[in-house]
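One structure is given below, encoded as structure tokens.
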Amino acid sequence: MIDSRTSVMITSMTTVEELATVLDRIKRQEFPTVKYGISADMLRHFSSDSIAPKRFRTFHIRKKSRKGLREIKAPCQQLDVILTCVNVMLKSIYTPSESAMGFTSGRSVLNNAQAHVNRNYVFNIDLKDFFPSIPQPRVWKRLQLPPFGFSREIANVLAGLCCTYDATSERNVLPQGSPASPLLTNAICDTLDRRMRGVAKRFGLHYTRYADDMTFSSMHNVYREEGDFLQEILRIIEDQGFRMNEAKTRLQKEGGRQEVTGLTVNKVANVSSRYKSDLRWILNRWEKEGYAKAYALFYPKYKLEKGYIKKGEPVMENVIGGKLNYLKMVKGANNPTYKKLQERYDALQQLTFVDNETDATRSYIYVQPYSMADFQELFHTHVTLEVSSKGKLVGKCEIDGSKKILFISTSTQKELCPDLSGLQPGDTLEIPALSQCYVTLCHNKGKNFWLITKWEPRRSRCLSVQNANVDVDGLLEIWEKEGFEAAVKKFKTVLGMGPKVIFSI
């Protein structure tokens, strides 16, 4: 949230020095732990690929359709902070058009879907190469127009910060992966949305846009090839510098499954049957076969669904929790399906022990340990040892077609191979003692990864009482009158746990 003084500074700034002052004020609010300030020289430095050639890192992720790769250009850490502050500043000035449902506060895929519920015809259009279709000069010009109204000097620097070179189109464009790109695409598409709303009104249709996904719906059919409607919207799309992706353009009729941005819209906006069945499946596996085996079954399905993972390996309970929150948003907190699934998840969460000591520090959090034999069997893989480029011993394997590096604890490296001095990076080792090691899914500093140890990591057997949903005063009274064992027995009974579960208080 920008304070009133900063708002006044934004409306009156005309130079890059004044822009830097505004962004630095925002940075101190958004990133209080970041030590460096934002200066005019820094803005000029990061506004040019020729001056800062490594300001964006390019990588590719598999598309959800699994057909081809999507190019992502992620800003370096300093530029990411700057662009986040730029985005906060732009948000304080600009509100997207009523048709834009993505990348704006208070609107979501649910709002986008609800606009097209219970229609005879739903027509989806995908814009091809959406972000790379927006060149830097267009961003520069848009920043000088209302409601921004920036000076040419400020627009020059902002457009330079927000755009980078694209080898395919051989020009600077808005990159997919920048914090400021989504808002700028909405601003660029204001004219597109206005003209599409005009066409929709003329033909008696509903229109919304979620990023590059445009949707029209109606009770009557105006979507015939060579018809006036289709010809008109094609002309507008091309006039606005975009292209229709014919492979993703589809007409969905009444009687068949109608979907808008991942939600079905035949009668009400809803998640698909598969979404709910996948949740039931993984909860069932967790209930019947335990966390370790359930995670091994969950892992390849999740990787296939996502195509990529931002921060290392997924933590199953976090993914399930996120899916349940999404289901709650779509169906409501009182929906019977959601409530039943949430209750099953909550019961399983009570049986997931938390290492309170390591959770409270920066030490590793051990999510799930496996013996080496179990890990290789459940994940259908084989672990080998190799010397890394940094001269350290690491484990390597392949899981579901993806190559993995398994880190090895310092003490375990010394036990497996006390002396690596005579080996070169890339050398492989056959060490029988590896079969006696453990592989553990760990969490540290915001990332999840695999770790090999000679010792078996364990979560402490401490269950948080505040999450147990029991009468704590009643338990303490039993403990006082009947002893500790009676209190533990009562605690297990309340949670439906077996007699082998150990508690420490």
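The residues of the chain are indexed from 1 along the displayed sequence.
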Assign the ring pair Y295 / F298 to parallel, tilted or perpendicular, where the plane angle (0 to 90°) is split at 30° and 60°.
tilted
Check whether any side-chain heavy atom of Y438 sits under 4.5 Å from a side-chain heavy atom of W455, and report yes or no.
no
Has the side chain of S151 got a donor or acceptor atom that lies under 3.5 Å from a matching backbone atom of I154?
yes
Do any N or O atoms from the side chain of R44 and from the backbone of V157 form a donor-acceptor pair under 3.5 angstrom?
no
What I want to check is whether the side chains of N172 and Q136 have a donor and an acceptor closer together than 3.5 Å.
yes
What is the ring orientation for F449 with F407, classed by angle as parallel under 30°, tilted 30 to 60°, or perpendicular over 60°?
perpendicular
Taking C-beta and beyond as the side chain, do I82 and I38 meet within less than 4.5 Å on heavy atoms?
yes
In this structure, OG1 of T84 is separated from NZ of K27 (nearest 0.5 Å) by 12.0 Å
Closest non-hydrogen atoms of A40 and E17, given as atom of the first, atom of the second and distance, are CB-OE2, 3.8 Å
Within the 4.5 Å heavy-atom criterion, are Y36 and M42 side-chain neighbours or not?
yes
Would you check if the side chain of T412 reaches a backbone N or O of K454 as a donor-acceptor pair within less than 3.5 Å?
yes
Side chains of R209 and N112 only: does a donor on one sit below 3.5 Å from an acceptor on the other?
no
Look only at the side chain of Q29 and the backbone of I26, and say whether a donor-acceptor pair between them is shorter than 3.5 Å.
no
Before accepting this row, confirm whether a basic side-chain N of the pair R274/D278 lies closer than 4.0 Å to the acidic partner's carboxylate O.
yes
Quick test of your reading of the model: are E398 and K404 salt-bridged, counting only N-O distances below 4.0 Å?
no
Around atom NZ of K396, are there more than 12 heavy atoms from other residues, nucleotides or ligands closer than 6.0 Å?
no
Between the side chain of Q144 and the main-chain N/O of F150, is any donor-acceptor distance below 3.5 Å?
no
Between the side chains of Q376 and Y370, does any donor sit under 3.5 Å from an acceptor?
no
Examine the side chains of S39 and D41 and answer whether a donor and an acceptor come within less than 3.5 Å of each other.
no
Does E377 form a salt bridge (Lys or Arg N to Asp or Glu O under 4.0 Å) with K293? I'd like the steps, not just the answer.
CA-CA 10 Å; E377 178 183 356; K293 189 167 184 180; over 6 Å; no
Would you say that L19 contacts T15 through its side chain, given a criterion of any heavy-atom pair below 4.5 Å between the two side chains?
no
E287 with R285: basic N within carboxylate O range, under 4.0 Å
no
Distance, nearest 0.5 Å, that separates CG of L158 from CD of E153
10.5 Å
So which pairs with a foot in residues 160-169 pass side chain to side chain donor-acceptor pair (under 3.5 Å), sequence neighbours left out?
D49-T164, D166-S169
What I'd like to find out is whether the side chain of L127 reaches to under 4.5 Å of the side chain of L192, using heavy atoms alone.
yes
Test side-chain contact (heavy atoms from CB on, under 4.5 Å) on F46 and C76; report intermediate values, then the result.
CA-CA 10 Å; F46 281 111; C76 67; 3.7 Å; yes
Residues in side chain to side chain donor-acceptor pair (under 3.5 Å) contact with R25, at least two apart in sequence or another chain
D3, T6
Can K392 and E386 be counted as an ion pair, charged N to O under 4.0 angstrom?
no
Point-to-point distance, once rounded to the nearest 0.5 Å, from CG of D427 to CG of L393
11.0 Å
In terms of heavy-atom contacts, does CD1 of I431 have more than 12 from other residues, nucleotides or ligands at under 6.0 Å?
yes
For the aromatic rings, using the six-membered ring if either is Trp, is the centroid distance between W450 and F375 under 6.0 Å?
yes
Calculate, to the nearest 0.5 Å, the distance between atoms CG and CZ belonging to D126 and R243 respectively.
11.5 Å
pair L451-I408: side-chain heavy atoms closer than 4.5 Å
no
How far does OG1 of T215 sit from CE of M101, to the nearest 0.5 angstrom?
10.0 Å
Does atom NZ of K276 have more than 12 heavy-atom neighbours, drawn from other residues, nucleotides or ligands, at distances under 6.0 Å?
yes
For a quick check under 3.5 Å, do N270 and K331 share a side-chain donor-acceptor pair by atom type?
yes
For the pair S435 (side chain) and P432 (backbone), establish whether a donor and an acceptor sit closer than 3.5 Å, ignoring hydrogens and angles.
yes
Establish, yes or no, whether a centroid distance under 6.0 Å links the rings of F130 and F242.
yes
Student check: side-chain heavy atoms of I452 and S409 closer than 4.5 Å
no
Are P75 and P179 side-chain neighbours, meaning at least one heavy-atom pair lies under 4.5 Å?
yes
Side-chain donor-acceptor contact under 3.5 Å, Y299 with E313
yes
With a 3.5 Å cut-off and no angle check, do the side chains of N111 and S108 form a donor-acceptor pair?
yes
Rounded to the nearest 0.5 Å, the NZ atom of K73 sits from the CZ atom of F131 at a distance of 13.5 Å
Trace of the side-chain contact (heavy atoms from CB on, under 4.5 Å) decision for L341 with I320
CA-CA 10 Å; L341 291 172; I320 296 173; over 6 Å; no
